[in-house]
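Have a look at the structure below before the remarks.
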Amino acid sequence: MTTPISDMHEGHTTRGRYDTQPTVALPPGERILRGTEGWTDAAELAEACARVTGTAPVLLVDAYPGVDIPALATAVRDALPDWTVVDVETAARPVAEVEQLIAPNLTDDRVFGVMSHFTLTDFYDAAKLDALAGGITQTPTVVIGWGAALLAPRLDGASATVLVDMARWEIQLRQRKGATNWRADNASEDNLRKYKRGFFVEWRVADRHKRSLFDTVDFVLDGNAIAPAEQHPDSPEAGMITGNAFRQALKDAAHRPFRVVPFFDPGVWGGQWMKNLIGLDPSKDNYAWCFDCVPEENSLLLEGEGGVIEIPALDLVFRRPVDLLGAKTFSRFGAEFPIRFDFLDTMDGGNLSLQVHPLTDYIQNTFGMHYTQDESYYMLDVGDDAVVYLGTKEGIDRTEMLQDLATAQDGEHPFPADKYVNSFPARKHDHFAIPAGTVHCSGANSMVLEISATPFIFTFKLWDWGRVGLDGIPRPVHLDHGARNIQWDRDTTWVGDNLIDQVQTIRTDGDVIEESTGLHELEFIEVRRHWFTGGADHDTEGTVNVLNLVEGDEVQVVSPTGAFEPFVIHYAETFIVPAAVGAYRIERTENSRSARFATVKAYVRGSRTSDN
Ligand SMILES: O=P(O)(O)OC[C@H]1O[C@@H](O)[C@@H](O)[C@@H](O)[C@@H]1O
């Protein structure tokens, strides 16, 4: 039986205090420009550049793939009626040629491709770009599209550049509503395939391209707010900030605690906990995932005079990797945020698919990923009957299990999971380590805080409990990939000895107890839990810390040197403390009502200044 949600959670008085729209401050005095005001400032800068070179003013508006180009062009035409608007994408290679080029990266699979290493120039015809630049003579011109900045070197510095940036989550929402991939004719294609084309090709190329613009870009425009997937009648026009404000905001963000903007998504196994405890839209059937620290997909909301502007959190990772990640983590992973926190809510929902993740060697060889999807489940909350499926049972016949999995795909012979896979009771605050290669899934009636390595789509489903996806068709199962990765020696004894209840007390200091809760030694993430009543001192020791308040209603993160303003955190909120912060303290606030608090803190093992 499931315990009613409101009875399960000591901090239930905090219901609804989880902040779904956290912001990061723009530098003091920075204003967000909207509509004509932004375009006028950008045009004036282009005119000033042109006066120096004695040529026609050119404004290059480089838009991340996924930006609504017709809507963008309309906004430009309305604001700058005397300027000629040119589409840079007329110089792109025909889409059929691009598709031929990227076919080996896309593969035939619905979900998995192979990481591409193209640059944007591979998708363009250099001669056509030359001709486009040469054709701009007298009239003030705005060049629009993904790749507009490719014209800059052809214009001898006589141009100003606007980057129209966009976060992956917004792109996905648009794809689900019929948006296509870049220049593709695939409005009605399976969403998984659209996402795959973004993940393995377009976003890699686009990120490589936009990183090359960060040092010099003159303005950044919020592409998420141009014809957004979810229109609100009272939403202001898309905001624009100067390149200098963008660069300074990212520098500032890398020196104080912050949160990215979480997003919530329904699923076949989704539950009711987040809806109730976080206060999400009660009319929705369920919410399955909350991604609240996947900087690759999440956004940052920059707030200043004039409201907020949304930018991809990845911009911060690219722009300030050493400040954010720390020298050792950067040296190991590059400009890549390696730690992922997300929620999996199955409270009054269903089991996740029974699944396994690829070993490092396999993910490298097969998909071109640098590191793999090592995971762990921290039980933020549980119902009475909660279990975690983990590892195979002692002495099972692997051939028979694979045969039963294969047979189960016909929809008529359910896979007897309990015959082959262990299920362990899960209690609140338990932490299960799940190194890649271990068969696993969370059962129903659990609220999991996943503390994992960042890769998140490399889930080889083995059995989906005989159900179909939200789109009415079976979700993709990958038995072949799975069979090549299952580690059969991770049986009942091994799992019990290595993956469950590995809590060790590190130190006790006054009212503070610090524990290590995982992960397994095959995984690179260390998790420390701090229990405290008043406050606990921390130090990033030169490496990024990701935390969540897993017990207690409200705390604040303060700087012992006053380097940043106190940063308030509510129950279940994930927050990032950049490596550059150094010493910080987490303490109760004057509004805290809970008697006791706990945070979990993840960092990359071996990356602290004190680690050899
Ligand atoms: O395959 P489903 O059932 O959707 O479960 C998927 C989820 O499982 C978890 O263990 C993780 O691998 C998540 O990254 C993933 O989103």
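Order of listing sets the numbers, starting from 1, for every ligand and every atom in it.
Atom 11 (C) of ligand 1 has its closest protein heavy atom at Glu375 OE2, 3.1 Å. For atom 16 (O) of ligand 1, the nearest protein heavy atom (residue, atom name, distance) is Trp289 NE1, 2.9 Å. Ranking protein heavy atoms by distance to atom 14 (O) of ligand 1, first place goes to Arg340 NH1, 3.3 Å. Ranking the protein heavy atoms by distance from atom 13 (C) of ligand 1 puts Glu450 OE1, 3.3 Å first. What sits closest to atom 10 (O) of ligand 1 on the protein, heavy atoms only, is Tyr377 OH, 2.6 Å.
Ligand 1 places these atoms under 4.0 Å from at least one heavy atom of Gln373: 12 (O), 14 (O). If you number the atoms of ligand 1 from 1 as listed, the ones under 4.0 Å from a heavy atom of Thr459 come out as 1 (O), 12 (O). In the vicinity of Ser353, heavy-atom distances shorter than 4.0 Å reach the ligand 1 atoms 1 (O), 2 (P), 3 (O). Counting atoms of ligand 1 from 1 in the listed order, those under 4.0 Å from a heavy atom of Phe456 are 14 (O). Taking a cut-off of under 4.0 Å to the non-hydrogen atoms of His357, the atoms of ligand 1 that pass are 12 (O). Near Lys461, meaning under 4.0 Å from one of its heavy atoms, ligand 1 places the atoms 1 (O), 2 (P), 4 (O).
If you look at His481 and Phe367, their ring centroids are closer than 6.0 Å. Here the two rings, on Phe112 and Phe460, have centers that are under 6.0 Å apart. For Phe333 and Tyr371, the gap between ring centers is short of 6.0 Å. Between His431 and Tyr378, a ring centre-to-centre spacing shorter than 6.0 Å is recorded.
Between the Glu573 side chain and the Ile569 main chain, no donor and acceptor come within less than 3.5 Å of each other.
For the ring pair (Phe, Tyr, Trp, His ring centres under 6.0 Å) with Tyr389, the lone residue among Trp465, Tyr377, Phe424, Phe432 that qualifies is Trp465.
The parts of Leu352 lying near ligand 1 are both backbone and side chain, judged by heavy-atom distances below 4.0 Å.
Taking any N or O of Asp464, backbone or side chain, none lies under 3.5 Å from an N or O belonging to ligand 1.
Of the listed residues (Arg475, His440, Gln355, Arg467), the one carrying the non-hydrogen atom nearest atom 7 (C) of ligand 1 is Gln355.
Relative orientation of the His440 and His357 rings is tilted, given thresholds of 30° and 60° on the angle between their planes.
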Please table the atom pairs, donor to acceptor, closer than 3.5 Å between any side-chain atom in residues 260-270 and protein atoms at least two apart or in another chain.
{"from": "Asp265", "atom 1": "OD1", "to": "Arg176", "atom 2": "NH1", "distance (Å)": "2.9"}
{"from": "Asp265", "atom 1": "OD2", "to": "Arg176", "atom 2": "NH2", "distance (Å)": "2.7"}

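For the residue pair Ser299 and Glu310, a side-chain donor N or O sits within less than 3.5 Å of a side-chain acceptor on the partner.
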